Amino acid sequence: MLPISFRRPAGFTLVETMVALVIAGFLLAVGIPSMSNWLLSNKAASANEFYMEGFRLARQQAISHNTASRLLLTANATNGQLDWQVDICFPTSSAPCVEGSENWSTPAAPAANDPEGANGFRSVLRSAANLPPVSVIAPTLLPDGAYYVFYTALGWVDTNYPARVTRLELAPAPAYAGRVRTSAIAVTLGGMPTRCDPSVAVTDSRACPP
């Protein structure tokens, strides 16, 4: 008669379960901070790209329409970040495109002298409501008090407006220092926005223009 074989009961023993829980806890302890930092870095990068898009679009519209354009930055009421709006204007001797002029396009209507009439360019407005709040990463416009950049038809920064934005810095709040690096977008007279690092020495290729 063949001996009866004894089989181990299905499932895990208490010791095996405890070992698995210890290993899982260790992996979570190591992985969660890394994942948190990765998500935070991605949020900071999205803010940087959000503002880069505004500067690029303002310059692009000036060139493509062969006329004046501007980028206006205003505080978002939800999170303290900066909404941006790109307008264009077609100046004439009797209707110049100056800061307080009503000849600029709006999100609701084209500019007064737009050659395409009612089908002309309407201002592009982007809300920063989906960006991380300023309690995580805060924008600062330089010089102090500046909130716009005007562009010529060639895509250059219009120097007739001296109180223009030359740099937008994104700095982490104190609680996130060390987890997110300070970054910046510099706007030179050529009109091209470039990423730079205000925390490095001026001799470093990543440094912001003086």
Side-chain angles (χ1 to χ4, degrees), residues 37 40-76 79-89 91 97-100 104 123-128 131-174 176-210:
N37 289 339
L40 190 60
S41 295
N42 274 1
K43 288 181 179 180
S46 69
N48 193 296
E49 185 56 38
F50 173 81
Y51 294 118
M52 283 287 288
E53 180 189 0
F55 288 112
R56 290 195 196 107
L57 182 63
R59 183 175 186 271
Q60 174 191 342
Q61 294 305 319
I63 296 172
S64 62
H65 290 90
N66 191 34
T67 192
S69 75
R70 67 182 180 184
L71 174 74
L72 302 178
L73 295 146
T74 55
N76 182 279
N79 59 11
Q81 292 288 346
L82 298 171
D83 299 338
W84 56 257
Q85 180 171 316
V86 173
D87 310 321
I88 66 171
C89 183
C97 295
V98 294
E99 183 179 352
W104 294 89
S123 300
V124 177
L125 173 62
R126 291 284 186 269
S127 170
L131 295 182
V134 293
S135 58
V136 176
I137 185 167
T140 300
L141 295 172
L142 300 175
D144 186 39
Y147 64 95
Y148 59 69
V149 180
F150 285 72
Y151 294 86
T152 69
L154 296 176
W156 287 70
V157 170
D158 192 337
T159 56
N160 290 317
Y161 301 89
R164 64 184 182 275
V165 174
T166 58
R167 188 188 306 176
L168 189 158
E169 294 188 357
L170 293 164
Y176 297 92
R179 298 173 60 190
V180 176
R181 290 181 61 88
T182 298
S183 62
I185 299 170
V187 184
T188 62
L189 294 181
M192 287 293 293
T194 56
R195 293 183 177 88
C196 60
D197 188 343
S199 64
V200 300
V202 293
T203 54
D204 194 306
S205 59
R206 298 168 297 169
C208 295

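What you see is a predicted model; the values in this text were computed from it and never measured. The figures that follow rest on heavy atoms only: side chains count, while hydrogens, waters and symmetry mates do not.
- Looking only at distances, no side-chain donor or acceptor of T166 sits under 3.5 Å from a matching main-chain atom of V187.
- Heavy atoms only, all atoms of each residue included: W156 and G190 are closest at CE3-CA, 3.7 Å.
- Note on ring orientation: taking the six-membered ring where Trp is involved, the planes of Y161 and F150 are parallel (angle under 30°, cut-offs 30° and 60°).
- Contacts classified as salt bridge (charged side-chain N to carboxylate O under 4.0 Å, His left out) and involving residues 160-170 (residues at least two apart or in different chains) are given here: R167-E169.
- Taken to the nearest 0.5 Å, the CH2 atom of W84 stands 7.5 Å off from the CG atom of L71.
- Contact record, A146 with A163: CB-O, 3.5 Å, taken as the closest heavy-atom pair.
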>> Apply salt bridge (charged side-chain N to carboxylate O under 4.0 Å, His left out) to residues R181 and D197 and explain how you reach the verdict.
In response: CA-CA 9 Å; R181 290 181 61 88; D197 188 343; 2.6 Å; yes

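- Between P91 and T67 the shortest heavy-atom distance is CD-OG1, 3.6 Å.
- Going from atom CG of L82 over to atom CG of L168 covers 6.0 Å, rounded to the nearest 0.5 Å.
- Within the structure, salt bridge (charged side-chain N to carboxylate O under 4.0 Å, His left out) pairs that include any residue of residues 56-71 comprise E49-R56, R70-D87 (at least two apart or interchain).
- The salt bridge (charged side-chain N to carboxylate O under 4.0 Å, His left out) pairs that include a residue from residues 142-160 number zero, where partners must be two or more places apart or lie in different chains.
- Taken from CG in L73 to OH in Y148, the straight-line distance is 12.0 Å, to the nearest 0.5 Å.
- Minimum interatomic distance between A207 and V202 (heavy atoms only, all atoms of both residues): CB-CA, 3.8 Å.
- Shown here for A58 and V86, the closest heavy-atom pair between the two residues is CA-CG1, 3.7 Å.
- For the atom pair CZ (F50) and CD1 (I185), the distance works out to 10.5 Å, reported to the nearest 0.5 Å.
- Considering every non-hydrogen atom in both L131 and Y51, the closest pair reads CD1-OH, 3.9 Å.
- For the atom pair OG (S127) and CD (Q85), the distance works out to 12.0 Å, reported to the nearest 0.5 Å.
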> Can Y147 and L72 be said to form a side-chain contact (heavy atoms from CB on, under 4.5 Å), step by step?
Replying inline: CA-CA 6 Å; Y147 64 95; L72 302 178; 4.3 Å; yes

